[in-house]
Structure formats: C-alpha cells, structure tokens
S.K.: 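Quick one: structure below, then a few questions.
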Amino acid sequence: MRLDKFVCKSTELIKRDVIQYIHLGAVRVNHSVITNEATQVHENNTIMLNGVRLQPRAFRYILMHKAAGTICSNKDEAYPSLFNDLNVGRVSELHIAGRLDADTTGLVLITDDGRWSFNITQPAQKCEKVYRVQLARKLSADVPTTFARGILLQGEATLTLPAQVTVIHAKEVLLTITEGRFHQVKRMFAAVGNRVVSLHREQIGDVSLDVDIGQWRYLTRAEVDSFGHAFEPS
Ligand code: URA
C-alpha cells in the first residue's frame with residue numbers, strides 16, 4: 001500500500017497533513033527517511049512518524065442486510081446509500097465486496113481490506129453467492145441445464161461460469177453463481193426468456209444472512225477466515 005495511505009490508516013491525521021509530514025522528513029520506513037508519499041510499503045515494514053512506530057488499525061469486516069431502494073455506493077445518488085444505516089466511523093474507507101442493484105435486497109459484505117474482498121469478488125476464487133429469485137414466468141425445464149453449461153449474455157464474449165439452480169416453486173428458485181457480472185442474475189433469466197421480479201442475496205461463501213433489514217453486525221473471526229487469507233496487523 002502507499003506510504004501516505006498507511007500513515008492515514010494508522011493515525012487520526014488527514015491525508016493533507018500526512019503528505020506534509022512525509023515531505024518534511026518526519027516519516028521513516030525501516031529507519032530511512034522517505035519523502036515520497038507514493039512509496040509502496042508493506043505492513044511488516046517498521047514505519048515511524050516523528051520517532052513513534054505506527055501500527056496499522058485492524059481491518060473491519062461487516063455483514064449488512066441491504067434494504068430495497070438503497071444503493072451500494074459511499075454517497076447518496078438517485079437513492080440513499082446503504083452506508084446511511086451503518087453507524088461506524090471512517091465510512092469513506094469502506095467498500096462493498098460485490099455490489100447489489102438498488103432494487104435487490106439481502107446480504108452485503110463490507111470491508112476496508114481490498115485483498116480480502118478480492119477473494120470474494122474474483123471469479124477465479126470460485127466464491128459462491130446464493131440468490132433467491134422470484135420470476136415473472138414459470139421456469140422452463142431446460143434452464144438448470146442451460147445455466148449449468150454457461151450462457152452467453154447479450155454483448156458479452158464469454159459464457160457465464162457454471163451456475164446451479166434449485167427450484168423452490170415454478171416461479172421461485174435459488175441461483176448459485178461464482179461471478180458478479182453487471183446485472184448478472186437479471187440478464188441470465190432475460191437470456192432464457194424470463195424476467196426477475198425480485199432478487200435477494202441469501203448467502204456468500206459460508207456466510208448466511210442473519211440480521212433484519214437495514215441491520216448489520218461484524219463478522220466473526222471464523223467467518224472472515226473462511227474467505228481465505230486476511231490481513232493480520234503486525
Ligand atoms: N445480479 C443482478 O442482476 N442484480 C444484483 O443486484 C445482483 C446480481
């Protein structure tokens with residue numbers, strides 16, 4: 001991570017003041033003065049500000065139940081941001097590991113640990129996301145096989161990765177996918193002549209939604225670790 005970002009994360013200083021300290025030679029990395037704020041540093045480096053060793057703050061890992069009519073953005077736009085319901089500090093440092101559409105409800109994972117969210121969002125990591133889907137029309141019998149093989153979405157060059165359909169009722173299914181293309185679930189059902197009426201994410205990896213709409217909680221250590229390597233402050 002950049003030196004200025006590390007110092008911001010380890011102190012209460014704002015970025016402008018951090019850069020000024022760095023330019024003044026107040027910051028040492030492994031005992032050498034560094035005056036370039038863009039220098040890449042590692043959490044295991046010894047980083048000191050005015051002779052005091054900085055310790056990175058622990059990363060945050062949050063589960064939230066997104067309400068319909070909120071957006072997965074750090075600021076309000078056409079709809080209010082779901083972060084309005086998240087009463088924690090330094091919200092601007094947080095991001096969502098796998099955004100949902102404004103009208104989609106359900107499980108979102110929120111963090112300030114970019115390496116951890118990579119484990120959730122990158123298709124190569126094969127992290128399963130389970131959606132409960134209400135459909136406008138009865139599911140055609142061939143759709144589970146079609147989705148298991150992969151389907152070409154409009155305007156795309158590659159098939160979707162194998163997806164699993166569990167039929168609940170004729171117009172209600174659970175769909176498990178391991179990627180997060182733009183409006184993926186809605187576009188998959190559109191591609192087989194159906195339409196998503198409502199969409200709710202129930203599960204990501206081993207983590208299931210267990211709080212009420214608009215509520216949130218921190219993930220347990222075991223839940224954090226279930227997605228693979230997470231950053232351990234030294
Ligand atoms: N797929 C969609 O189409 N929308 C979502 O919000 C999530 C997955």
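First listed ligand is number 1; within each ligand, the first listed atom is number 1. Heavy atoms only: backbone and side chains are in, while hydrogens, waters and symmetry mates are out.
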S.K.: Do any pairs count as a ring pair (Phe, Tyr, Trp, His ring centres under 6.0 Å) and have a residue in residues 128-186, sequence neighbours left out, and if so which ones?
M.R.: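 Qualifying pairs: Phe147-Phe189.
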S.K.: Hey, could you give me each pair passing side chain to side chain donor-acceptor pair (under 3.5 Å) that has a residue in residues 14-30? Not counting sequence neighbours.
M.R.: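 Sorted result for residues 14-30: His23-Glu37.
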S.K.: Holding to salt bridge (Lys or Arg N to Asp or Glu O under 4.0 Å), I want the full list of residues that pass it with Glu179, two or more places apart in sequence or in another chain.
M.R.: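 Arg181.
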S.K.: With a 6.0 Å cut-off on ring centres, are Phe59 and Trp116 close enough?
M.R.: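 So the answer is no for these two rings.
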S.K.: Any side-chain heavy atom of Leu13 sitting closer than 4.5 Å to one from Leu49?
M.R.: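 Yes, their side chains come closer than 4.5 Å.
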S.K.: Write down, by chain and number, every protein residue that brings a non-hydrogen atom to less than 4.0 Å from an atom of ligand 1.
M.R.: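 Around ligand 1, where the cutoff is 4.0 Å for heavy atoms, the contacting residues are Leu100, Asp101, Thr104, Tyr131, His183, Gln184, Val185, Lys186, Leu199.
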S.K.: Can you hop from Val192 to Ile168 via hydrophobic side chains spaced under 4.5 Å?
M.R.: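 No.
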